[in-house]
Number of protein chains: 2
Amino acid sequence: MAKTSDEQSYLSEADGLVFLIEEVPRKLRRVFDASTAKFGLTRTQWRALAYIFRTPGLTQTELAKCLELERASVGHVIDQLEKADYVERRAVEGNRRVWTLHLRPKAIGILPALRAEADVVYERLLAGISANDIATFKRLLASMSANL
Amino acid sequence: MAKTSDEQSYLSEADGLVFLIEEVPRKLRRVFDASTAKFGLTRTQWRALAYIFRTPGLTQTELAKCLELERASVGHVIDQLEKADYVERRAVEGNRRVWTLHLRPKAIGILPALRAEADVVYERLLAGISANDIATFKRLLASMSANL
DNA sequence: ATCTTACTGTAAGATATTTTACAGTAAAGA
DNA sequence: TCTTTACTGTAAAATATCTTACAGTAAGAT
């Protein structure tokens with residue numbers, strides 16, 4: 001029997017996967033938010049700090065791609081973090097267009113506490129999952145990231 | 001030799017995992033954005049439509065949790081979608097506090113096109129990954145979601 | 001050298017989202 | 001019944017983010 005428009009559900013097998021792919025980081029962000037609220041940082045602020053920590057000397061444009069924000073928005077976030085003495089902009093020898101971003105001692109000082117918070121979250125996230133499965137999971141995520 | 005503060009990196013094995021968990025849905029959203037731009041919908045709008053399609057009769061508070069927005073923000077998004085005739089609010093028998101959300105014919109009409117766009121994205125996302133691996137991946141995601 | 005094009009960050013106004021406060025409603029208990 | 005507490009959505013003001021336009025800079029072409 002031919003499919004009629006009434007029978008079509010427009011649901012795909014992969015839809016459930018995509019909802020899950022959205023759901024896990026969403027819950028993760030919510031848990032991290034609760035952990036970082038005690039530092040007086042917004043989500044965008046601590047995400048910016050995390051990326052600058054991970055890649056010191058990042059430019060604002062690069063950070064914008066990481067955070068999925070526009071350059072102008074990142075400029076504003078860095079204004080805040082610089083004013084709060086968490087971050088500094090450094091001029092670059094040989095390229096007067098760009099700023100590179102670096103953590104200030106005040107930010108480095110809260111890293112151990114952030115590290116401890118994050119570890120608690122990780123332990124919860126990965127509870128009951130084998131190291132082998134985690135490795136597989138990571139490999140598949142990397143494949144998908146490369147596919148996009 | 002004891003660990004000094006200079007040696008500590010405050011980096012965990014799991015950090016890379018979390019960055020990937022964030023990165024894949026981010027890229028996914030970007031690709032979908034490009035696909036849905038032709039419908040004149042913002043990301044928030046089409047995500048709202050997707051959740052209402054998935055769970056007709058959703059309340060605004062429930063949708064707010066799905067979209068990770070505040071109730072007030074969702075109210076505004078629904079105002080827009082209602083004005084554009086994509087969505088309707090229906091009063092609920094026996095509970096005058098809540099609205100339930102339903103797709104209008106205009107929204108249902110664009111589902112096949114959205115479906116086609118989504119399928120292209122899925123095919124790209126999952127290229128080169130076996131059905132078995134996808135099943136494993138989904139199971140692990142579900143575990144993590146339950147853990148959080 | 002000069003021109004053209006692209007890159008990087010900022011400014012200003014437009015939009016989107018959140019925060020706070022609130023009105024109406026529902027549910028449970030005294 | 002009456003009170004209390006929690007739930008649901010909305011309004012208004014405060015923030016955050018985006019869009020557009022732009023100034024300064026870099027790199028390559030001619």
Side-chain angles (χ1 to χ4, degrees), chain A residues 22 26 29-30 32-34 36-37 39-52 55-84 86-102, chain B residues 22 26 29-30 32-34 36-37 39-52 55-84 86-102:
Chain A
E22 286 277 351
R26 182 173 70 226
R29 280 191 297 268
R30 205 184 52 213
F32 270 123
D33 281 349
T36 52
F39 298 105
L41 294 169
T42 67
R43 176 184 298 174
T44 298
Q45 287 169 345
W46 68 252
R47 290 219 308 145
L49 290 180
Y51 279 99
I52 297 169
T55 313
L58 209 62
T59 68
Q60 293 188 187
T61 295
E62 289 165 349
L63 182 57
K65 280 176 193 152
C66 294
L67 295 178
E68 211 176 20
L69 295 177
E70 295 305 313
R71 292 198 308 272
S73 311
V74 168
H76 180 57
V77 172
I78 298 303
D79 285 347
Q80 298 171 328
L81 290 173
E82 203 172 33
K83 188 172 296 181
Y86 280 116
V87 164
E88 70 176 283
R89 288 176 165 103
R90 288 189 199 155
V92 174
E93 183 75 24
N95 189 341
R96 281 180 295 174
R97 288 180 306 183
V98 308
W99 297 107
T100 58
L101 304 175
H102 300 266
Chain B
E22 286 278 351
R26 181 173 70 226
R29 283 192 296 268
R30 204 184 52 212
F32 272 122
D33 281 349
T36 53
F39 298 104
L41 294 169
T42 67
R43 175 184 299 175
T44 298
Q45 287 169 345
W46 68 253
R47 290 218 309 146
L49 290 179
Y51 279 99
I52 298 169
T55 313
L58 208 64
T59 67
Q60 293 187 190
T61 295
E62 289 165 348
L63 182 57
K65 281 175 192 151
C66 294
L67 295 177
E68 211 179 18
L69 294 177
E70 295 305 313
R71 290 199 308 270
S73 312
V74 168
H76 179 57
V77 171
I78 299 303
D79 285 347
Q80 298 172 328
L81 290 174
E82 204 173 33
K83 187 172 294 181
Y86 280 117
V87 163
E88 71 176 283
R89 289 175 164 104
R90 288 188 201 156
V92 174
E93 184 74 23
N95 190 340
R96 283 180 292 175
R97 287 181 306 184
V98 308
W99 297 107
T100 59
L101 303 175
H102 301 266

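Naming convention: chains lettered A, B, ... in sequence-line order (proteins, then strands); numbering from 1 in each chain.
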Notebook entry, point to check: Which atoms form the tightest heavy-atom contact between B:Val77 and B:Ala48, and what is the distance?
Noted result: CG1-CB, 4.2 Å

Margin query: In whole Å, I'd like the distance from the CD1 atom of B:Ile78 to the C1' atom of C:dA16.
Written below: 15 Å

Next item on the list: State, with a plain yes or no, whether a side-chain heavy atom of B:Leu63 is found less than 4.5 Å away from one of B:Ile78.
Entry: yes

Margin query: Within residues 39-46 of chain B, which residues have any heavy atom lying less than 4.0 Å from an atom of DNA chain C?
Written below: B:Thr44

Note to self: Could you go through A:Ile52 and A:Tyr86, starting from their C-alpha distance and side-chain angles, then the distance that decides it, and tell me whether this counts as side-chain contact (heavy atoms from CB on, under 4.5 Å)?
What the structure shows: CA-CA 11 Å; A:Ile52 297 169; A:Tyr86 280 116; over 6 Å; no

Next item on the list: Please list all pairs passing the salt bridge (charged side-chain N to carboxylate O under 4.0 Å, His left out) test where one or both residues lie in residues 58-67 of chain B, with sequence neighbours left out.
Entry: none

Next item on the list: Can you sort out which residues in residues 93-100 of chain A have a heavy atom within less than 4.0 Å of DNA chain C? Ascending by number, please.
Entry: A:Arg97, A:Val98, A:Trp99

Item checked: Residue pairs passing the salt bridge (charged side-chain N to carboxylate O under 4.0 Å, His left out) test where at least one lies in residues 89-99 of chain A, sequence neighbours excluded -> A:Asp79-A:Arg89, A:Glu82-A:Arg89, A:Glu88-A:Arg90

Item checked: chain A contact limits on DNA chain D, taken 5' to 3' with a cut-off of 4.0 angstrom to heavy atoms -> D:dA16 to D:dA26

Note to self: Once rounded to the nearest 0.5 Å, what's the spacing between atom OG1 of B:Thr100 and atom CG of B:Leu58?
What the structure shows: 9.0 Å

Next item on the list: Write down the atom of B:Trp46, the atom of B:Phe32, and the distance for their closest heavy-atom approach.
Entry: CZ2-CB, 3.3 Å

Note to self: Within residues 61-74 of chain B, which residues have any heavy atom lying less than 4.0 Å from an atom of DNA chain C?
What the structure shows: B:Glu68, B:Leu69, B:Glu70, B:Ala72, B:Ser73

Checklist line | Distance (rounded to the nearest 0.5 Å) between B:Leu67 CG and A:Arg26 CZ | finding: 8.0 Å

Notebook entry, point to check: Across all strands shown, which nucleotide pairs with D:dT30 by Watson-Crick or G-U wobble geometry, both distances under 3.5 Å?
Noted result: C:dA1

Note to self: For the CD atom of A:Gln80 and the OG1 atom of A:Thr44, what is their distance to the nearest 0.5 Å?
What the structure shows: 8.5 Å

Item checked: A:Thr42 OG1 to A:Leu81 CG distance, which is reported to the nearest 0.5 Å -> 7.5 Å

Notebook entry, point to check: Taking NZ, NE, NH1 and NH2 as the nitrogens, is one of them in B:Glu22 or A:Arg29 under 4.0 Å from a carboxylate oxygen of the other?
Noted result: yes

